[in-house]
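Order of appearance sets the numbers: ligands from 1, and atoms from 1 within every ligand. Worth saying up front: this structure is predicted, and the values here are computed from it rather than measured.
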Amino acid sequence: MPKALVVLSGGQDSTTCLYWALERFGGAEQVQALSFDYGQRHRIELECAREIAQQAGVAQVCLPINTFNAIGGNALTDDGVAVASELQANQLPNTFVPGRNLIFLTFAAAFAYTRGIRELVTGVAQTDYSGYPDCRENTLKALELALRLGMDARVNLHTPLMFLSKAETVHLAQRLGALPALAYSHTCYNGVQPPCGECPACRLRAQGFAEAGIADPLLERFAQTR
Ligand code: ZN
């Protein structure tokens with residue numbers, strides 16, 4: 001029975017967290033990955049998550065939760081909303097899916113509960129430029145308490161990237177041996193591979209690797225196959 005459950009989106013941060021969990025909890029036998037098919041427009045994320053879990057030798061389950069489409073109004077699940085390229089001051093970007101992490105982690109906790117898993121790992125970071133409120137430390141602490149009370153279980157929410165800059169996350173990935181897996185991760189808000197390089201997510205990722213002084217293995221993979 002694994003000890004830890006990692007919420008794996010197929011992105012850079014959750015991939016790094018998967019390798020953090022492998023180190024922290026004693027290898028692939030002790031770790032399980034959980035992904036969500038939440039109706040994201042870019043199905044490529046799910047393929048990336050599957051590939052990354054497979055490479056790490058970790059069992060992975062994908063849960064379908066497609067209610068966000070019915071709610072609408074954000075650029076990640078609503079075909080009618082384009083990703084805004086520039087942020088308005090004091091405004092959340094339209095890639096914010098309200099409540100997404102609360103819902104992911106609540107389902108993750110329910111999944112973990114039925115399997116006797118106590119350790120939940122998520123790649124949220126309060127230092128993220130977007131300022132998503134459901135990625136902040138205080139939200140995650142409150143949610144951890146709510147999950148413990150609501151399920152009468154000792155659930156621990158681990159957020160190893162919470163206070164790391166993007167460059168520090170890249171250095172962590174390097175130390176953990178996660179760089180080869182990052183070659184298969186997905187970040188681009190436009191859902192294309194090779195990544196567009198222009199959207200806010202691509203620019204943030206590029207900035208992190210540049211500041212860390214490390215080449216992005218994802219870009220290197222496409223440079224090699226060109
Ligand atoms: Zn992009």
Can you list the residues that meet the side chain to side chain contact (heavy atoms under 4.5 Å, CB included) rule with Ile214, with sequence neighbours excluded?
Val170, His171, Gln174, Leu179, Phe209, Ala212
Table please: side-chain donor-acceptor pairs of residues 104-114 below 3.5 Å, with sequence neighbours left out.
from	atom 1	to	atom 2	distance (Å)
Thr106	OG1	Leu102	O	2.6
Thr114	OG1	Phe111	O	2.8

Pair Lys141 + Glu144: basic N to acidic O under 4.0 Å:
yes
If you leave out waters, which protein N, O or S atoms are less than 2.8 Å from the Zn ion (ligand 1)?
Cys188 SG, Cys196 SG, Cys199 SG, Cys202 SG
Could you tabulate the donor-acceptor pairs under 3.5 Å formed by side-chain atoms of residues 23-35, not counting sequence neighbours?
from	atom 1	to	atom 2	distance (Å)
Glu23	OE1	Arg175	NH2	3.4
Glu23	OE2	Arg175	NH1	3.1
Ser35	OG	Leu8	O	2.7
Ser35	OG	Gln60	NE2	2.8

Check the pair Ser165 / Thr169 against side chain to side chain contact (heavy atoms under 4.5 Å, CB included), numbers first and verdict last.
CA-CA 6 Å; Ser165 69; Thr169 298; over 6 Å; no
Would you kindly say whether Arg205 and Ser185 are connected by a side-chain donor-acceptor distance under 3.5 Å?
yes
